[in-house]
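Take a look at the structure set out below.
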Amino acid sequence: MKKPATKDLPYPVTEPTALMIEMRKKIEDIEPPVKWNMGTWNFSTWEPDHLHWVAPSTMTLYSDGSIVGTVGHLAVMRRTGWPLDEGIAWWPCVQIDLLDDSDSMLSQITVSFGKIPYKFSVDNVSHTWNAPGIPQHLARISKIKGRRVWEPDGNDSPVIIPITPPIPIP
């Protein structure tokens, strides 16, 4: 029986559950640029269909908009050209949702550890990003939701992609 090729069917692979950071206190009397740790996610090993995201892996968000992420091992071994030994590059990303008290989205930020080609791996990855959406909404953030996503390579997107919320924020 011939196995179907999936070369033309790449789709994002999203982690089934998101990790949540609940803010311990409201930030009404602190003015940026005071920098404090808003929370840290400790990600477990996640290897969906030969896309490897191996612990230890953490991501820390700070009130000034800086985000620091580390991963023990990232690898792309997903074959997409069966029966040939070929595949595409993937982007390991973390989607971050900034939520208010009513769980309405204030901002969404996506950060990536960079493009990883087929049959390539990297160890002890560390990266720092700057997300302007965090200090902009600091007084209204009550929860931060994070989810890992493997995005198939299709374009060279910027490392941080701020997405405007559907309703204007006063």
Side-chain angles (χ1 to χ4, degrees), residues 11-46 48 51-76 89-116 122-170:
Y11 56 91
V13 179
T14 304
E15 190 172 24
T17 57
L19 296 178
M20 188 75 75
I21 295 174
E22 300 239 7
M23 304 303 292
R24 291 188 190 107
K25 59 180 178 175
K26 284 302 248 178
I27 315 304
E28 293 161 354
D29 54 1
I30 299 176
E31 291 288 324
V34 173
K35 180 178 179 177
W36 52 276
N37 180 333
M38 296 173 67
T40 299
W41 289 302
N42 292 303
F43 294 116
S44 60
T45 295
W46 179 50
L51 299 171
H52 303 274
W53 189 310
V54 180
S57 178
T58 63
M59 184 159 284
T60 304
L61 286 77
Y62 294 94
S63 60
D64 69 345
S66 57
I67 302 170
V68 178
T70 61
V71 180
H73 176 78
L74 293 168
V76 173
W90 290 79
W91 296 79
C93 303
V94 177
Q95 292 177 341
I96 302 165
D97 297 338
L98 307 176
L99 307 172
D100 65 11
D101 287 331
S102 63
D103 289 340
S104 296
M105 186 173 322
L106 300 170
S107 183
Q108 184 179 70
I109 302 157
T110 301
V111 295
S112 173
F113 285 97
K115 182 165 69 172
I116 301 179
V122 290
D123 293 324
N124 302 317
V125 180
S126 180
H127 205 300
T128 301
W129 303 270
N130 184 18
I134 293 175
Q136 177 184 356
H137 300 293
L138 194 58
R140 298 180 58 202
I141 298 171
S142 64
K143 298 175 190 164
I144 305 170
K145 183 168 63 171
R147 175 173 278 155
R148 294 178 289 182
V149 177
W150 281 97
E151 290 283 347
D153 185 41
N155 58 22
D156 292 327
S157 301
V159 173
I160 296 181
I161 309 166
I163 299 173
T164 307
I167 51 175
I169 297 173

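Both backbone and side-chain heavy atoms feed into the values below; hydrogens, waters and symmetry mates do not. Treat the numbers as computed from the prediction; the structure is a model and nothing was measured.
The side-chain heavy atoms of Met59 and Val111, taken from C-beta on, include a pair separated by under 4.5 Å. Using a 4.5 Å heavy-atom cutoff, the side chains of Asn37 and Tyr62 are in contact. Taking 4.5 Å as the limit, every side-chain heavy atom of Asp97 sits out of range of all side-chain heavy atoms of Arg147. Residues Val76 and Leu51 meet the side-chain proximity criterion, which asks for heavy atoms closer than 4.5 Å. Met105 places none of its side-chain heavy atoms less than 4.5 Å from the side chain of Leu98. A heavy-atom distance below 4.5 Å is found between the side chains of Leu74 and Trp150. At least one side-chain heavy atom of Ile67 sits less than 4.5 Å from a side-chain heavy atom of Ile96.
Within the 3.5 Å criterion, the main-chain N or O of Ala55 finds a donor-acceptor partner in the side chain of Thr45. Formation of a donor-acceptor pair under 3.5 Å by the Ser57 side chain with backbone atoms of Thr70 is found in this model. In this structure, the side chain of Ser112 engages the main chain of Pro92 through a donor-acceptor pair within 3.5 Å.
Atom SG in Cys93 sits 11.0 Å away from atom CH2 in Trp90 (nearest 0.5 Å). From Ser107, atom OG reaches atom CZ of Arg140 across 11.0 Å, with rounding to the nearest 0.5 Å. Separation of atoms NE2 (His137) and OG (Ser142) is listed at 13.0 Å; rounding is to 0.5 Å. Expressed to the nearest 0.5 Å, how far CD1 of Ile144 lies from CG of Leu99 amounts to 8.5 Å.
Between Ile134 and Gly65, the shortest heavy-atom distance links the atoms CB-CA, 3.9 Å. Here the shortest heavy-atom pairing between Trp91 and Asp153 reads NE1-OD1, 3.0 Å. Contact detail for Ala89 and Lys115: the closest heavy-atom pair is CB-CG, 3.6 Å.
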- request: For Leu106 and Gln136, run side-chain contact (heavy atoms from CB on, under 4.5 Å): C-alpha distance rounded to whole Å, both residues' side-chain angles, the deciding distance at 0.1 Å, then the answer.
  value: CA-CA 10 Å; Leu106 300 170; Gln136 177 184 356; over 6 Å; no

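For the side-chain contact (heavy atoms from CB on, under 4.5 Å) criterion with Thr40, the lone passing option out of Thr60, Val68, Leu61 is Thr60.
For Trp129 and Phe113, the gap between ring centers is short of 6.0 Å.
Classified by interplanar angle (parallel below 30°, tilted 30° to 60°, perpendicular above 60°), the ring pair His52/His73 is tilted.
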